[in-house]
Amino acid sequence: MDYLEGVDTRGVAPTPQAVIALNALRGPLPPGPTSAEAVLHLLDTYGSPATVAKNNGRFFGFVNGGCLPAALAAGWLVSAWDQNAAFFVQSPTAITLEEIALEWVRDLLALPAGTGGAVVTGATMANFSALAAARHALCARAGWDVEADGLVGAPPITVVVGEEAHASVFKALSLLGLGRKRVVRVPVDGQGRMKADALPHLDDRTILCLQAGNVNTGAFDPGAAICPAARAAGAWIHVDGAFGLWAAVSPEYRKWTKGFEQADSWATDAHKWPNIGYDCGIALVREPAHLRAAMSMQASYLALGDHREPSDYNPELSRRARGVELWAGLRSLGRSGMAEIVERTSGHARRFAAGLKAAGFQILNDVVINQVLVSFGSPEQTLATIARLQAEGTCWCGSTIWQGQTAMRISVSSWATTQEDVDRSLAAMIKAAQG
Ligand SMILES: Cc1ncc(COP(=O)(O)O)c(C=O)c1O
């Protein structure tokens, strides 16, 4: 509680001194025990000051939310319960809450009835899991058992991605033996959206990876223009919607997600826009049997009942009961609370863009949801502004290179960000740009 209460009055980034002081935690493991109180005291004395303050509403780096109070406290309970969420017999509570939460997510994202999935560590693993289901389905169609026989000698699969697909899609493809480079890349426009008229031939041996929410611009691939024909061609459509898919909850923003409901699989994160806290990714598959075929394992000691077992749908066996935090966070928000986060943070993004534009700086993207890209002049000027901003501490933003232009990224993803936070941060950004 001390930590959370103090988080608003300190700089967002830790001071260099606080980072150096972490060295006090190094050294050989003591030969004997230390009391739990003393261990916690060490953590709070040296660990807390060197954290990045994520819960004060002024961290705009990457696409990181905060942690909703209900999810945070549920996390404490999850640790106290010490449940292993692999099998129902190990934790009826964890498995039941995970099932309920997955159904809530399916409903919030307006995905087809019957869609099932897994609560994994993040969108990287969600992409991996969903694409493992795709790999299974396409190989099975061609009469090949990829789980048993691997990919050596398998019928070829073509993977189609947009030029601005997220790096985690390529990582997932490499882990699955489908290759980072062995993809067909579709050209994109200035916002990073796939050009629908530039798609290659698609058939039932193709995995088409679309994106709902580009990590830099927030832009969406045109799902409504692409999905019907891709589906008719028999391609497996996968959507990486790590944060953008949540726009489906808002009546104002759901236009961007149109068409994605026709996909076969989706990857998203509850630790991004829903603010559930780390780690909480979600893989969803229209026909969950494909995910099960890709993920289940057998061993004689794993004697199970009739219940749906998370381990059948998950890359992991033993795992934290992260579905409990998902349940708690979503229960606290309700549908309207989730929509409100999407709408409020996107409104904040527009306020940032308008304020920076009025101060004479160039906004590089169409601000369609919660992402803003701003240039403060030359690459050197932009990078120097970011360095001064991070050191000053009011807020935190990172850098990127968007289609050749160096930019500062502002991702407004936290439930805690207020208009006052935006205005304070805007003032700090303009001051940092002035040197
Ligand atoms: C579009 C997209 N996909 C995937 C990821 C990876 O998510 P995670 O860090 O949860 O693995 C991100 C992260 O920002 C993202 O924006």
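- Using a 30° and 60° split on the angle between ring planes, Phe88 and His307 fall in the parallel class, below 30°.
- Side-chain atoms of Trp266 do not come within 3.5 Å of backbone N or O of Ile282 as any donor-acceptor pair.
- A donor atom on one side chain and an acceptor atom on the other are not found under 3.5 Å apart for His348 and Thr417.
- Shown here for Val412 and Trp273, the closest heavy-atom pair between the two residues is O-NE1, 3.7 Å.
- Between Gln371 and Phe243 the shortest side-chain heavy-atom distance falls below 4.5 Å.
- In this structure Asp82 satisfies the side chain to side chain contact (heavy atoms under 4.5 Å, CB included) test with no other residue, sequence neighbours excluded.
- Rounded to the nearest 0.5 angstrom, Asn275 CG and Lys54 NZ are separated by 9.0 Å.
- Every salt bridge (Lys or Arg N to Asp or Glu O under 4.0 Å) that Asp279 has, sequence neighbours left out, goes to Arg322.
- Residues Ala94 and Ala321 approach most closely at CB-CB, 3.6 Å, considering heavy atoms.
- In terms of the side-chain hydrogen bond (donor to acceptor under 3.5 Å, both in side chains) criterion, Ser414 has no residue partners (sequence neighbours excluded).
- In this structure, a donor-acceptor pair under 3.5 Å is absent between the side chains of Thr345 and Asn370.
- Every residue meeting the side-chain hydrogen bond (donor to acceptor under 3.5 Å, both in side chains) condition with Gln381, not counting sequence neighbours, appears here in chain and number order: Ser378.
- With sequence neighbours excluded, the residues satisfying side-chain hydrogen bond (donor to acceptor under 3.5 Å, both in side chains) with Arg409 are Asn216.
- The backbone N or O of Gly75 sits less than 3.5 Å from a side-chain atom of Ser79, completing a donor-acceptor pair.
- Remark: side-chain polar atoms of Arg254 are paired, donor with acceptor, to backbone N or O of Ala248 under 3.5 angstrom.
- Shown here for Thr124 and Ala172, the closest heavy-atom pair between the two residues is O-CB, 4.4 Å.
- The OG atom of Ser311 lies 10.5 Å from the CD atom of Glu316; values are rounded to the nearest 0.5 Å.
- Dense packing is recorded around OH of Tyr3, with more than 12 heavy atoms of other residues, nucleotides or ligands lying under 6.0 Å away.
- In summary, of the residues considered (Asp240, Val186, Ile226), a side chain to side chain contact (heavy atoms under 4.5 Å, CB included) with Leu210 occurs for Ile226 alone.
- Classification of the Phe59-Trp396 ring pair by plane angle, with boundaries at 30° and 60°, yields parallel.
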So Glu287 and Arg292, salt bridge (Lys or Arg N to Asp or Glu O under 4.0 Å) or not? Walk me through it. CA-CA 9 Å; Glu287 289 182 46; Arg292 186 187 171 123; over 6 Å; no
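- Side chain of Thr217 to backbone of Ala219: a donor-acceptor contact under 3.5 angstrom is found.
- The side chain to side chain contact (heavy atoms under 4.5 Å, CB included) search around Tyr253 returns Ala247, Ser250, Trp256, Val342, Glu343, Ser346, Arg350, Ile369, not counting sequence neighbours.
- Side-chain atoms of Trp104 never come within 3.5 Å of backbone atoms of Gly334 as a donor-acceptor pair (strictly under, hydrogens ignored).
- Arg331 CZ: 12 or fewer foreign heavy atoms inside a 6.0 Å radius.
- Interatomic distance, CG of Leu111 versus CG of Leu245, reported as 6.0 Å (0.5 Å rounding).
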Cys67 and Ile276: side-chain contact (heavy atoms from CB on, under 4.5 Å), yes or no, with the steps? CA-CA 5 Å; Cys67 185; Ile276 301 299; over 6 Å; no
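- Remark: Phe170 CZ to Lys181 NZ distance equals 12.5 Å, nearest 0.5 Å.
- Checked for salt-bridge contact, Arg106 and Glu261 miss the test: no charged N lies under 4.0 Å from a carboxylate O.
- Proximity of a side-chain donor or acceptor of Ser174 to a complementary backbone N or O of Lys171 within less than 3.5 Å is detected.
- No hydrogens or angles considered: a donor-acceptor pair under 3.5 Å links the side chains of Ser413 and Ser411.
- There is a side-chain donor-acceptor pair under 3.5 Å between His238 and Asn127.
- Other residues, nucleotides and ligands contribute over 12 non-hydrogen atoms within 6.0 Å of the OH atom of Tyr278.
- The backbone N or O of Phe87 lies less than 3.5 Å from a partner atom in the side chain of Gln90, making a donor-acceptor pair.
- The line from CG of Leu108 to OG1 of Thr268 is 10.5 Å long, rounded to the nearest 0.5 Å.
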